[in-house]
Protein chains: 2
Amino acid sequence: METDSLPRREREKARQRRELLDAALELFSEKGYHHVSMNEIAQKSEFAVGTLYKFFKSKEELYKTLMTDLANRFHSELLEALEAKEDEIEKLQNWVRVGGEIFRTNASAIRLFLTEAQGAKFNLDAKFNSELFEIHKSKIESLKAVFASGIQKGRFIKIADPTLLAVALDSITRASLFLWLDSPDQYPYPENTEEILNILFKALIDPTAAFRLF
Amino acid sequence: METDSLPRREREKARQRRELLDAALELFSEKGYHHVSMNEIAQKSEFAVGTLYKFFKSKEELYKTLMTDLANRFHSELLEALEAKEDEIEKLQNWVRVGGEIFRTNASAIRLFLTEAQGAKFNLDAKFNSELFEIHKSKIESLKAVFASGIQKGRFIKIADPTLLAVALDSITRASLFLWLDSPDQYPYPENTEEILNILFKALIDPTAAFRLF
DNA sequence: CCAAAAAATGAATATTAATTCAAATTTTAT
DNA sequence: ATAAAATTTGAATTAATATTCATTTTTTGG
């Protein structure tokens, strides 16, 4: 019995490692990298500090491992979502659905990716973070008002909730500019300005064929 | 002469303060909050460390001031962009345009908001950051392939470059899920799944009226 | 059951960097 | 020109916490 693949000791070690990573993830998600001490991680994972160094040679390595593992796991789940379907429209639907599932089931991990991020940056303190987040929300509100009034006047067709439209335009703009910032050669800038709005303005699928979806 | 608004001393102090903030911004943008020491900031701004504490009572306050100022400045520029136009479509066009300008002219500041963010988190080291960024790019590539093939097969209309479409879907999904994560009550989750794709699939403006734009 | 080997422990050490403050310098007023 | 006041300086202090390693505990094989 117990031939489950790895020698008992190895298996035990792997389990411990996972426990350690889980504890660390939870703490990092809550308080951010720099606000979590090795002693805290030791306490939460029920190891002694010294033992942590059996698994990772430094706090930084522990953190990097955590992040890279997560990124790879999420990435491969999304990839599977695309491969699971034949038709392009279904692929996209599946992508969004799986993305949502990942989000639901990994909320705290996602926070580690995003809470500190998303314009708010790492957790100096909650008050400050929410202050910045309020500015962001207020920006979304102004944009939302434009969509709402456009819809009301019949200038726009209501293809989605105004808030979602605002979030969409804001995030597309930011993401594409960021990509340009990262690789100005690969992703040219000026053309995008017009293209970005086309994503909202124009229909990706032929409206006359749209019924095929439902 | 020299009646430029504030007493000489006050004016001088304000100028110094701005110089200090500029130096700090540059350093933070390059290396991230926790990797910049007060001594570095002092050196770059050509003050002594002690003097920094004349302006801000702590490193944290210095940083917060920087971020809040930036956020407010960007926010009000974007707000003006909306208010400057009468028509909703022009408002949106102006928003995207001004957003791009802010990006161009504040690349390093934006990095402070985004580089550490955007899934990559704060700068432990460049190698690690780019490792995570590669995973992100690869995710975009998979999604891009779906759009490209959909367009090629005639399943999709080419309303924008496949890369931009991929970036758009990815960022809308993430942003809207994040909003839900932040305020589950205000922004319900499940409905969005379908709505998100509508942003791409459907046209916000009546195609028969589209010519009015050009 | 026993002793050698392996693993775990956490108090002590080392490091890094934020903050302070007595001394030096500059500015202002007479 | 002089001295009081204000400002600036940066070496020394303090604080926080990552890492080490001598000691203790647990496991293993005979």
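Numbers restart at 1 for each chain; the letters A, B, ... are given by sequence-line order, proteins then strands.
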If you look at every strand shown and take non-hydrogen atoms under 4.0 Å, does Q43(B) touch a base, only sugar-phosphate, or nothing? nothing
Which nucleotide sits closest to the side chain of M38(B): dT20(C), dT19(D), dA18(C)? dA18(C)
The side chain of S37(B) lies closest to which of these nucleotides: dT9(D), dA17(C), dT9(C)? dA17(C)
Please compare Q16(B) and N39(B) by the position of their nearest nucleotide in DNA chain D and report the one closer to 5'. Q16(B)
Answer with base, sugar-phosphate or nothing: what part of the nucleic acid does E40(B) contact at a heavy-atom distance below 4.0 Å? nothing
In whole angstrom, give the distance that lies between atom NZ of K54(A) and atom P of dT26(D). 16 Å
Atom OH of Y53(A) and atom C1' of dA14(C): how far apart are they, to the nearest Å? 12 Å
Tell me what T51(A) touches on the nucleic acid: a base, only sugar-phosphate, or nothing, going by heavy atoms under 4.0 Å. base
Is it the case that atom CD in E90(B) sees more than 12 heavy atoms from other parts of the structure closer than 6.0 Å? yes
When the distance from NE2 of H35(A) to P of dA18(D) is rounded to whole Å, what number comes out? 12 Å
E141(B) atom CD, over 12 foreign heavy atoms within 6.0 Å: yes
Expressed as a whole number of angstroms, how long is the span from E60(B):CD to dA17(C):P? 17 Å
Using whole Å, what does the distance between atom P of nucleotide dA6(D) and atom NZ of K13(B) come to? 12 Å
Within 45° of the six-membered ring axis of Y33(B) and under 6.0 Å from that ring's centre, is NZ or CZ of K59(B) located there? yes
Between C1' of dT20(D) and CG of L52(A), the distance in whole Å: 13 Å
Geometric cation-pi criterion, K54(B) with F47(B): 6.0 Å, 45°: no
With the side chain defined as heavy atoms from C-beta on, V49(A) is closest, among dA11(D), dA18(D), dG10(C), to dG10(C)
From CD of E46(B) across to C1' of dT8(D) the rounded distance in Å is 14 Å
Rounded to whole Å, how long is the line connecting atom CZ of F56(B) with atom P of dT19(C)? 13 Å
Indicate yes or no: at least one non-hydrogen side-chain atom of F147(B) is less than 4.5 angstrom from one of L92(A). yes
